[in-house]
Colleague: 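Dropping a structure here in structure tokens format, bear with me for questions.
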Amino acid sequence: MAFKYFPHTPEDIREMLAKIGVGSLDDLYAEVPEEVKFNRDYGLPKAMSEIEVRKFFNKLGAKNKQLVCFAGAGVYDHYTPSAIPQLVERSEFLTSYTPYQAEISQGTLHYIFEYQSMMAELTGMDISNASMYDGTTATAEAMLMANAASKKAHRVLISDTVDRKTLNVVKTYAHFHGVDISLVKATDGATDKEALKAELAEGGVAGVIVQQPNRLGIIEDFTGIADACHENKALFIINSIPADLALLKTPGEWGADIAVGDGQSLGLPMNFGGPYVGYMCCTEKLMRKMPGRIVGKTDDEDGRRVFVLTLQAREQHIRRQKATSNICSNESLMALWVTIYMSLMGRQGLKEAAQTSFDGAHYLCERLCQTGHFHLLYDQPFFNEFALRYDGNLDELLKKLEANGILGGIKLSEDVVMMAVTEKRTKDEVDHLIELCNE
């Protein structure tokens, strides 16, 4: 059998086979039953030119429906400045080497340092790591941090108002790390504080996880929760949509020990579900419990500003399954993307985008409720996302909206839909949606 892309010569192969006492490469698979072997040609198309390939994929892409998006639930149709795709391909970023070798990776180290600085400021926390895979796993890693920080407690409380995707990932991590997860009930769409405090009073709690805004878009009041957690020696963890923090009270202001979430709202296109980037920030006290790496700034021997890896969880390379975390990589390209986004938007731009999203959502909600067919699921404050109860056939309504080029929201139950508005939605688009819902 000829192996076109093997770099080894026939002599190389013979020497290696002789060394292990095997006659041929096929003999390596002698124990594999013939019925499971692939013994026919691959179903690959004929070779095409570049022009033919482009035409093929353009034709394929044309099958997608381009809908005006009023859906959210963790992924939002935010504006992406056109400069970002160009800047991420600059050579100092694109070709920069792994940050373990500082002398040839200044581009990567520089933008990670800027990313950390911006995320720490946005969340109001002391320290940010160099990004995580996504918001769900970042939350699960925070749960493990709380468990590791406690010597005796191995139970983590999580509010019923946390996104179900995040909740399921946290439960999966907890199952394989011996952590007990207890769900804190919700009242009127928000975390029941009295139920939470009662759970804390039982003892043995390592951490508490809440979400802001929560899975129904409601802005929760966390007053007193941090104090209750700390009085019972538990860590307070807040999962937030970072774009909303331009206007909302930050995790740091709420007294959180760990702030986590998904950075998709910071200019990352929806991309059919990814890739995105998780963020994790914490207090200085917990810095050595945090997974991933931290980049710092210093001066070289010539007095020039340089960037270096200041802290990384090296134990993950040595302790393996006993390590606090085995996150040893990150969505670095996506971290660069959101760093450029925040740089281009600036403090004022982030606030304006958040305010426009907020205003658009409240306008849409008010007008839909005026039709008489919609009612707010809970009379609670919300940001740019809200849940409505519909008195008609919700499936038919969503099909009608789709037929008119609109993705009308996320169906939560037979008669409840959740809608989101971002700064990209124009008044004409919102009014069109309202008109279709009122026919």
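The analysis underlying the following values was restricted to heavy atoms, covering all of them including side chains, and did not include hydrogens, waters or symmetry mates.
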Colleague: Judged by atom type as modelled, is there a donor-acceptor pair below 3.5 Å linking the side chain of S159 to the main-chain atoms of V162?
Modeller: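 Not confirmed, S159 side chain does not pair with V162 backbone.
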
Colleague: May I ask you to decide if the ring planes of Y173 and H177 are parallel, tilted or perpendicular, using 30° and 60° as cut-offs?
Modeller: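 Parallel: the ring planes of Y173 and H177 meet at under 30°.
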
Colleague: If you count every heavy atom of other residues, nucleotides or ligands that lies below 6.0 Å from E103 atom CD, does the total exceed 12?
Modeller: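 Yes - once you tally the heavy atoms of other residues, nucleotides and ligands closer than 6.0 Å, there are more than 12.
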
Colleague: Under 3.5 Å, is there a donor-acceptor pair between the side chain of N384 and the main chain of V421?
Modeller: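 The answer is yes, because a donor-acceptor pair under 3.5 Å joins these two groups.
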
Colleague: Less than 4.5 Å apart, side chain to side chain, heavy atoms only: is that true for S240 and T123?
Modeller: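 The answer is no, as the side chains (C-beta and beyond) never meet within the 4.5 Å cut-off.
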
Colleague: Verify whether one side chain among D431 and Y363 offers a donor that lies under 3.5 Å from an acceptor in the other.
Modeller: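 There is such a pair between these side chains.
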
Colleague: Could you check if a side-chain atom of L109 sits within less than 4.5 angstrom of a side-chain atom of L309, using non-hydrogen atoms only?
Modeller: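 In short, these two side chains touch, coming nearer than 4.5 Å.
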
Colleague: Could you state the interatomic distance from OG (S131) to OH (Y279), rounded to the nearest 0.5 Å?
Modeller: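 If I round to the nearest 0.5 Å, the distance is 13.5 Å.
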
Colleague: How long is the gap from OG1 on T139 to CD1 on I258, to the nearest 0.5 Å?
Modeller: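 Reported value, rounded in 0.5 Å steps: 10.0 Å.
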
Colleague: Minimum heavy-atom separation for L350 and Y341, please, with both atom names.
Modeller: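 Here L350 and Y341 meet closest at CD2-CE2, 3.6 Å.
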
Colleague: A174 and I181: which non-hydrogen atoms are nearest, and at how many Å?
Modeller: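 Closest heavy-atom pair between A174 and I181: CB-CG1, 3.5 Å.
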
Colleague: For K152, which residues count as a side-chain contact (heavy atoms from CB on, under 4.5 Å) partner, sequence neighbours excluded?
Modeller: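 None.
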
Colleague: Measuring from atom CE of M118 to atom CD1 of I340, what distance do you get when rounded to the nearest 0.5 angstrom?
Modeller: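 If I round to the nearest 0.5 Å, the distance is 9.5 Å.
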
Colleague: Indicate yes or no: at least one non-hydrogen side-chain atom of P251 is less than 4.5 angstrom from one of C281.
Modeller: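 No - every pair of side-chain heavy atoms lies 4.5 Å or more apart.
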
Colleague: For residues 51-70, which residue pairs pass the ring-ring contact (aromatic ring centres under 6.0 Å, His included) check, not counting sequence neighbours?
Modeller: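 Applying ring-ring contact (aromatic ring centres under 6.0 Å, His included) to every pair that reaches into residues 51-70, excluding sequence neighbours, yields nothing.
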
Colleague: Would you name the heavy atoms of M280 and A138 that are closest together and state the gap between them?
Modeller: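 Looks like CE-O, 3.4 Å.
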
Colleague: Scan for ring-ring contact (aromatic ring centres under 6.0 Å, His included) pairs involving residues 405-439, sequence neighbours excluded, and state none if there are none.
Modeller: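 Residue pairs passing ring-ring contact (aromatic ring centres under 6.0 Å, His included), neighbours aside: none found.
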
Colleague: Does any pair with a residue in residues 76-85 pass salt bridge (charged side-chain N to carboxylate O under 4.0 Å, His left out), and if so which ones, sequence neighbours excluded?
Modeller: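 Passing the test, one end in residues 76-85: D77-K424, D77-R425.
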
Colleague: With no hydrogens and no angle check, just 3.5 Å: does a side-chain donor-acceptor pair link D192 and T187?
Modeller: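 Result is yes, a qualifying pair exists.
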
Colleague: Hey, is CG on D299 packed in by over 12 heavy atoms from elsewhere, all under 6.0 Å?
Modeller: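 Yes - once you tally the heavy atoms of other residues, nucleotides and ligands closer than 6.0 Å, there are more than 12.
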
Colleague: So for atom OH, which belongs to Y42, do other residues, nucleotides or ligands contribute more than 12 heavy atoms lying within a distance under 6.0 Å?
Modeller: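 Counting neighbours around OH of Y42, 12 or fewer heavy atoms of other residues, nucleotides or ligands fall under 6.0 Å, so no.
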
Colleague: Identify each donor-acceptor pair in which a side-chain atom of residues 198-210 lies under 3.5 Å from a protein atom, sequence neighbours left out, and give them as a table.
Modeller:
residue : atom : partner : partner atom : Å
E199    : OE1  : R155    : NH1          : 2.8

Colleague: Any sub-3.5 Å donor-acceptor pair from D262's side-chain atoms to G135's backbone N or O?
Modeller: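 Looks like yes, one N/O pair under 3.5 Å.
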
Colleague: If you define the side chain from C-beta out and look only at heavy atoms, does anything of Q264 sit under 4.5 Å from M270?
Modeller: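 Of all side-chain heavy-atom pairs linking M270 with Q264, at least one is under 4.5 Å.
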
Colleague: Are K297 and T310 close enough, and set up right, to give a side chain to side chain contact (heavy atoms under 4.5 Å, CB included), and what steps lead you there?
Modeller: CA-CA 8 Å; K297 178 171 69 72; T310 303; over 6 Å; no

Colleague: May I ask you to decide if the ring planes of F382 and H362 are parallel, tilted or perpendicular, using 30° and 60° as cut-offs?
Modeller: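 Plane angle under 30°, so parallel.
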
Colleague: Output all residues satisfying side-chain contact (heavy atoms from CB on, under 4.5 Å) with F93, sequence neighbours left out; order by chain, then residue number.
Modeller: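 For F93, the residues satisfying side-chain contact (heavy atoms from CB on, under 4.5 Å) (neighbours in sequence not counted) are R90, Y111, L336.
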
Colleague: If you define the side chain from C-beta out and look only at heavy atoms, does anything of L248 sit under 4.5 Å from I219?
Modeller: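 Touching, per the 4.5 Å side-chain cut-off.
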
Colleague: Answer whether the closest heavy-atom distance between the side chains of Y276 and M334 falls below 4.5 Å.
Modeller: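 Y276 vs M334: side chains apart.
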
Colleague: Could you check whether any side-chain N or O of T426 sits under 3.5 Å from a backbone N or O of E429, counting only pairs where one atom can act as donor and the other as acceptor?
Modeller: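 Looks like yes, one N/O pair under 3.5 Å.
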
Colleague: Counting N and O atoms only, with roles assigned by atom type, does the side chain of S150 sit under 3.5 Å from a partner on the main chain of A146, one being a donor and the other an acceptor?
Modeller: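 It does not hold such a pair.
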
Colleague: Going by side-chain hydrogen bond (donor to acceptor under 3.5 Å, both in side chains), name the pairs with one or both residues in residues 391-405, residues two or more places apart or in two chains.
Modeller: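 Sorted result for residues 391-405: K65-E402, H373-D391, D395-K411, K400-E439.
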
Colleague: Give the C-alpha distance, both sets of side-chain angles, the deciding distance and a yes or no for side chain to side chain contact (heavy atoms under 4.5 Å, CB included) between I158 and L183.
Modeller: CA-CA 5 Å; I158 183 165; L183 210 60; 3.7 Å; yes

Colleague: Tell me whether K165 contacts the main-chain N or O of A73 through its side chain, where contact means a donor paired with an acceptor under 3.5 Å.
Modeller: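 Such a contact is found between K165 side chain and A73 backbone.
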
Colleague: Which residues pass the side-chain contact (heavy atoms from CB on, under 4.5 Å) test with H154, sequence neighbours left out?
Modeller: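 Once residues adjacent in sequence are excluded, the partners of H154 under the side-chain contact (heavy atoms from CB on, under 4.5 Å) criterion are N147.
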
Colleague: Output the distance between atom CD (E141) and atom NZ (K289), rounded to the nearest 0.5 Å.
Modeller: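 That separation rounds to 13.5 Å.
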
Colleague: Per the side-chain contact (heavy atoms from CB on, under 4.5 Å) rule, which among E52, R54, M48 passes with E50?
Modeller: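 Running side-chain contact (heavy atoms from CB on, under 4.5 Å) over E52, R54, M48 with E50 returns exactly one hit, R54.
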
Colleague: Between R389 and D415, is there a side-chain N and carboxylate O pair less than 4.0 Å apart?
Modeller: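 Looking at R389 and D415, the cut-off is met.
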
Colleague: Just jot down the side-chain contact (heavy atoms from CB on, under 4.5 Å) partners of F272, sequence neighbours excluded, or say none.
Modeller: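 Result, side-chain contact (heavy atoms from CB on, under 4.5 Å) vs F272: N64.
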
Colleague: Run the numbers on T371 and F374 for side chain to side chain contact (heavy atoms under 4.5 Å, CB included), then give the verdict.
Modeller: CA-CA 7 Å; T371 67; F374 294 88; 3.6 Å; yes

Colleague: Can you measure from OG1 (T80) to CH2 (W337) and round to the nearest 0.5 angstrom?
Modeller: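 The OG1 atom of T80 sits 6.0 Å away from the CH2 atom of W337.
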
Colleague: Take V156 and D180 through the test side chain to side chain contact (heavy atoms under 4.5 Å, CB included) and record every step on the way to the result.
Modeller: CA-CA 6 Å; V156 171; D180 295 325; over 6 Å; no

Colleague: If you compare all heavy atoms of I112 against all heavy atoms of A130, which two are closest, and at what distance to 0.1 Å?
Modeller: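 Where I112 meets A130 most closely, the heavy atoms are CG2-CB, 3.4 Å.
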
Colleague: Using a 3.5 Å distance criterion without hydrogens, assess whether the side chain of Q106 forms a donor-acceptor pair with backbone atoms of F307.
Modeller: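 Yes, the answer is positive, given that a donor and an acceptor are paired below the 3.5 Å cut-off.
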
Colleague: Listed by chain and number, what are the side chain to side chain donor-acceptor pair (under 3.5 Å) partners of E121, not counting sequence neighbours?
Modeller: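 E121 satisfies side chain to side chain donor-acceptor pair (under 3.5 Å) with R347 only.
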
Colleague: Whether the D359 and T356 side chains hold a donor-acceptor pair (N or O, under 3.5 Å, no angle test) is what I'd like checked.
Modeller: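 No - no donor-acceptor pair under 3.5 Å links their side chains.
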
Colleague: Using modelled atom types only, decide if a donor and an acceptor are shared between the side chain of E423 and the backbone of Y79 within a distance under 3.5 Å.
Modeller: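 At least one qualifying donor-acceptor pair exists.
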
Colleague: Can you run down the side-chain hydrogen bond (donor to acceptor under 3.5 Å, both in side chains) pairs that involve residues 207-224, sequence neighbours left out, and say none if there aren't any?
Modeller: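 Counting only pairs at least two positions apart or across chains, the side-chain hydrogen bond (donor to acceptor under 3.5 Å, both in side chains) contacts touching residues 207-224 are T161-E220, T191-E220, N214-E220, D221-T223.
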
Colleague: List for me each residue that meets side chain to side chain donor-acceptor pair (under 3.5 Å) alongside K193, sequence neighbours excluded, and say none if there are none.
Modeller: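 Listed in chain order: nothing, the list is empty.
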
Colleague: Return the CE to CG distance between M419 and L433, rounded to the nearest 0.5 Å.
Modeller: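 Separation between the atoms: 5.0 Å.
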
Colleague: Is the CG atom of L60 crowded by more than 12 outside heavy atoms at less than 6.0 Å?
Modeller: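 Above 12, so yes.
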
Colleague: Do you know which two heavy atoms are closest between R367 and I434, and how far apart they sit?
Modeller: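 Heavy-atom minimum between the residues: CB-CD1, 3.4 Å.
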
Colleague: Looking at H375, is its backbone amide N or carbonyl O close enough to the side chain of Y390 to form a donor-acceptor pair, meaning the two atoms are under 3.5 Å apart?
Modeller: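 No: the side chain of Y390 does not pair with the backbone of H375.
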
Colleague: What are the two closest heavy atoms between A361 and F386, and how far apart are they?
Modeller: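 Looking at all heavy atoms of both residues, the closest pair is O-CE2, 3.3 Å.
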
